[in-house]
K.L.:
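First the structure, which I've put down as structure tokens, then a few questions once you've had a look.
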Amino acid sequence: MLLRRVIAHFRRQEWTAIALDFFIVVTGVFIGIQVSNWNAARADEARARAYLERIVADLDADLAALADRQEFWRAVSVYGAQGLEYAQTGAAGDASHWELLLAYFQASQVAEHVPVQATYDELKSAGDLELISDLEVRNALARYYNFSGAGTVVERPAYRVHVRGVIPLEIQTYIWDSCYASDPFGEQRMFECPSPADEARVREIVDAVATDASLMAELRYWMSTMHVALLIEKNRTASATTLKQKIAARLPGMPGSAQP
């Protein structure tokens, strides 16, 4: 219809009408392109928001896991310090030999922390990092998820292997069944329990552990590693909290976001 009208105007040499038709065509094409670009930008913005909302959920899971692991590592460290003190001084304080034996075993426990980063990995593999237009947020994500200190918090210490080769299996089985619990989410708990053996036998086992110089050297190393792991995870907690705040500030409507 428009083409026929343009041809008719041309034949009649109606140049003003031709110019007006041309303007209408160009304006229509321009508006169409702009609408298409606007729709694409809105779609990209929606995808970016969905990614960031999922990352916030991942960070919440990370923060909960970090809190649990730090609590567990502190308990492991207390047990280890108690065992080292007895080995170095022979002083047990108010602790019984069963409590010392339990401390030597529980000091060998480990609790890994692996960040939840499925969303970030998906973002990278899909080539969608550019959807996060805020460079500060994008860089903060890269720093958080490309963390080089993860090996410190997943280590299996030599002390763990060796002390469990010294403590009799039936004692270890009793500890697992009566002094320890875990759940499908990786959370572990250690607690007090009565001795399963007579005092003389328990003392003999404790002395075998405490007088083993190489075993105590391994325990000292493990306690040092626990201290470093706690420092690392304290920093990780701060990083996760700051990253979550940066994202929330750029997502209107989310808890913690900046108000307009």
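One is the number of the first residue; the rest follow in order along the sequence. Since the structure is predicted, the reported quantities are computational estimates derived from the model, not experimental observations.
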K.L.:
Count I, L, V, M, F, W, Y as connected when their side-chain heavy atoms are under 4.5 Å apart, and connections chain through other members. Are Val166 and Leu100 then in the same cluster?
P.N.:
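Result: yes, single cluster for both.
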K.L.:
Is the closest side-chain heavy-atom distance between Val110 and Glu155 below 4.5 Å?
P.N.:
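Not in contact.
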K.L.:
Begin with the C-alpha distance, continue with both residues' side-chain angles, and end with the deciding distance and a verdict on side-chain contact (heavy atoms from CB on, under 4.5 Å) for Gln70 and Thr237.
P.N.:
CA-CA 10 Å; Gln70 289 177 78; Thr237 297; 3.1 Å; yes
K.L.:
Is there side-chain contact between Tyr145 and Leu123, with at least one heavy-atom pair below 4.5 Å?
P.N.:
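Heavy-atom side-chain distance check fails, nothing below 4.5 Å.
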K.L.:
Quick check: do Phe105 and Val209 have side-chain heavy atoms less than 4.5 Å from each other?
P.N.:
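No, every pair of side-chain atoms sits at 4.5 Å or beyond.
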K.L.:
Distance check, rounded to the nearest 0.5 Å: Ser77 atom OG versus Phe72 atom CZ?
P.N.:
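Rounded to the nearest 0.5 Å, the OG-CZ separation comes out at 10.5 Å.
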K.L.:
Are any side-chain N or O atoms of Thr242 and backbone N or O atoms of Ala238, one a donor and one an acceptor, separated by less than 3.5 Å?
P.N.:
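The answer is yes, because a donor-acceptor pair under 3.5 Å joins these two groups.
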K.L.:
Assess whether atom CD of Glu170 is packed by more than 12 heavy atoms of other residues, nucleotides or ligands within 6.0 Å.
P.N.:
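Count over threshold, so yes.
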K.L.:
Does a salt bridge link Arg69 with Glu233, judged by any charged N lying under 4.0 Å from a carboxylate O?
P.N.:
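Looking at Arg69 and Glu233, the cut-off is not met.
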K.L.:
Nearest 0.5 angstrom please: Arg250 CZ to Leu52 CG, how far?
P.N.:
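The distance works out to 10.0 Å.
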K.L.:
Please answer whether the main-chain N or O of Ala200 pairs with a side-chain N or O of Glu204 as donor and acceptor at a distance below 3.5 Å.
P.N.:
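No.
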K.L.:
Please list, chain by chain and in numerical order, all residues satisfying side-chain contact (heavy atoms from CB on, under 4.5 Å) with Tyr180, sequence neighbours excluded.
P.N.:
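Tyr180 satisfies side-chain contact (heavy atoms from CB on, under 4.5 Å) with Gln109, Trp176, Ser182, Gln188, Met190 once adjacent residues are dropped.
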K.L.:
Measuring from Ile132:CD1 to Arg47:CZ, what's the distance to the nearest 0.5 Å?
P.N.:
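One finds 10.0 Å between CD1 of Ile132 and CZ of Arg47.
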K.L.:
To the nearest 0.5 Å, how far apart are CG in Asp60 and CD1 in Ile55?
P.N.:
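Here the interatomic distance stands at 12.5 Å.
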K.L.:
Give a yes-or-no answer on whether the side chains of Tyr51 and Asp128 include a donor-acceptor pair shorter than 3.5 Å.
P.N.:
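A donor-acceptor contact under 3.5 Å links the two side chains.
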K.L.:
Is there a continuous path of hydrophobic side-chain contacts, each under 4.5 Å between heavy atoms, that joins Trp73 to Val78?
P.N.:
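Shared cluster, no.
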K.L.:
For residues 161-249, which residue pairs qualify under disulfide bond (SG atoms under 2.5 Å apart), counting only residues two or more places apart or in two chains?
P.N.:
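As it turns out, the disulfide bond (SG atoms under 2.5 Å apart) pairs with a partner in residues 161-249, which skip direct neighbours, are Cys179-Cys193.
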K.L.:
Measure the shortest side-chain to side-chain distance between Leu219 and Val163 over non-hydrogen atoms and say whether it is less than 4.5 angstrom.
P.N.:
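No. Closest side-chain heavy atoms not under 4.5 Å.
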K.L.:
Answer yes or no: is there a side-chain heavy-atom contact under 4.5 Å between Leu135 and Arg138?
P.N.:
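Contact flag for Leu135/Arg138 side chains = yes.
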K.L.:
Do side-chain atoms of Asp62 reach the backbone of Val116 as a donor and acceptor pair under 3.5 angstrom?
P.N.:
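Judged by distance alone, yes, a pair lies under 3.5 Å.
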K.L.:
Tell me the closest heavy-atom pair linking Phe191 and Ser178, and the distance in Å.
P.N.:
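Heavy-atom minimum between the residues: CE1-O, 3.1 Å.
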K.L.:
When you group the ILVMFWY residues by side-chain heavy-atom contacts below 4.5 Å and let the links chain together, are Val137 and Leu129 in the same group?
P.N.:
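Both belong to a single hydrophobic cluster.
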K.L.:
Treating Glu71 as the side-chain partner and Asp68 as the backbone partner, does any N or O pair qualify as donor plus acceptor under 3.5 Å?
P.N.:
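A pair under 3.5 Å: no.
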K.L.:
What are the two closest non-hydrogen atoms of Ala107 and Tyr159, and how far apart are they?
P.N.:
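Here Ala107 and Tyr159 meet closest at C-CE2, 4.0 Å.
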K.L.:
Do you know the tightest heavy-atom contact between Glu192 and Leu102?
P.N.:
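Reported closest heavy-atom pair: CA-CD2, 4.5 Å.
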K.L.:
Quick check: do Gln106 and Gln82 have side-chain heavy atoms less than 4.5 Å from each other?
P.N.:
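A side-chain contact is absent here, since even the closest heavy-atom pair is not under 4.5 Å.
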K.L.:
Take the angle between the ring planes of His97 and Tyr86 and call it parallel below 30°, perpendicular above 60°, tilted in between.
P.N.:
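Rings of His97 and Tyr86: perpendicular, as their planes differ by over 60°.
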K.L.:
Nearest 0.5 Å, what's the OG1-CG distance between Thr119 and Asp58?
P.N.:
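The CG atom of Asp58 is 3.5 Å from OG1 of Thr119, to the nearest 0.5 Å.
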K.L.:
Please test Arg220 against Gln88 for side-chain contact (heavy atoms from CB on, under 4.5 Å), starting from the C-alpha separation and ending with a verdict.
P.N.:
CA-CA 11 Å; Arg220 277 191 294 275; Gln88 291 165 2; 4.0 Å; yes
K.L.:
Test: ring-ring contact (aromatic ring centres under 6.0 Å, His included). Region: residues 194-214. Which pairs qualify, not counting sequence neighbours?
P.N.:
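Listed by first then second residue: nothing to list.
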K.L.:
Checking the side chain of Trp222 only, and the main-chain atoms of Ser108 only, is there a donor and an acceptor separated by less than 3.5 Å?
P.N.:
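No, the answer is negative, given that no donor and acceptor are paired below the 3.5 Å cut-off.
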K.L.:
Is Arg236 close enough and on-axis enough to Tyr144, meaning under 6.0 Å and within 45°, for cation-pi?
P.N.:
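Yes, Arg236 and Tyr144 form such a contact.
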K.L.:
Between Met226 and Leu84, is there shared hydrophobic-cluster membership here, with clusters defined by ILVMFWY side-chain heavy atoms closer than 4.5 Å?
P.N.:
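Met226 clusters together with Leu84.
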K.L.:
Check Glu45 with Arg49, please: is the shortest side-chain N to carboxylate O separation under 4.0 Å?
P.N.:
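Result for this pair is no, no salt bridge flagged.
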K.L.:
Considering residues, nucleotides and ligands other than Tyr221, do more than 12 of their heavy atoms fall under 6.0 Å from its OH?
P.N.:
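No - once you tally the heavy atoms of other residues, nucleotides and ligands closer than 6.0 Å, there are 12 at most.
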K.L.:
Would you call Arg203 and Asp198 a salt bridge, using N to O less than 4.0 angstrom?
P.N.:
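Here Arg203 does not pair with Asp198 in a salt bridge, since their nearest N and O are not under 4.0 Å apart.
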K.L.:
When you compare the side chain of Met216 with that of Tyr104, does any pair of heavy atoms fall below 4.5 Å?
P.N.:
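Yes, side chains in contact.
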K.L.:
Ignoring hydrogens and geometry, is there a side-chain-to-backbone donor-acceptor pair from Gln172 to Arg164 under 3.5 Å?
P.N.:
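Such a contact is found between Gln172 side chain and Arg164 backbone.
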K.L.:
Quick one: are Val76 and Met223 in side-chain contact, heavy atoms under 4.5 Å?
P.N.:
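A side-chain contact exists here, since the closest heavy-atom pair is under 4.5 Å.
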K.L.:
Hey, mind stepping through Ile232 and His113 against side-chain contact (heavy atoms from CB on, under 4.5 Å) and telling me if it holds?
P.N.:
CA-CA 11 Å; Ile232 289 173; His113 174 244; over 6 Å; no
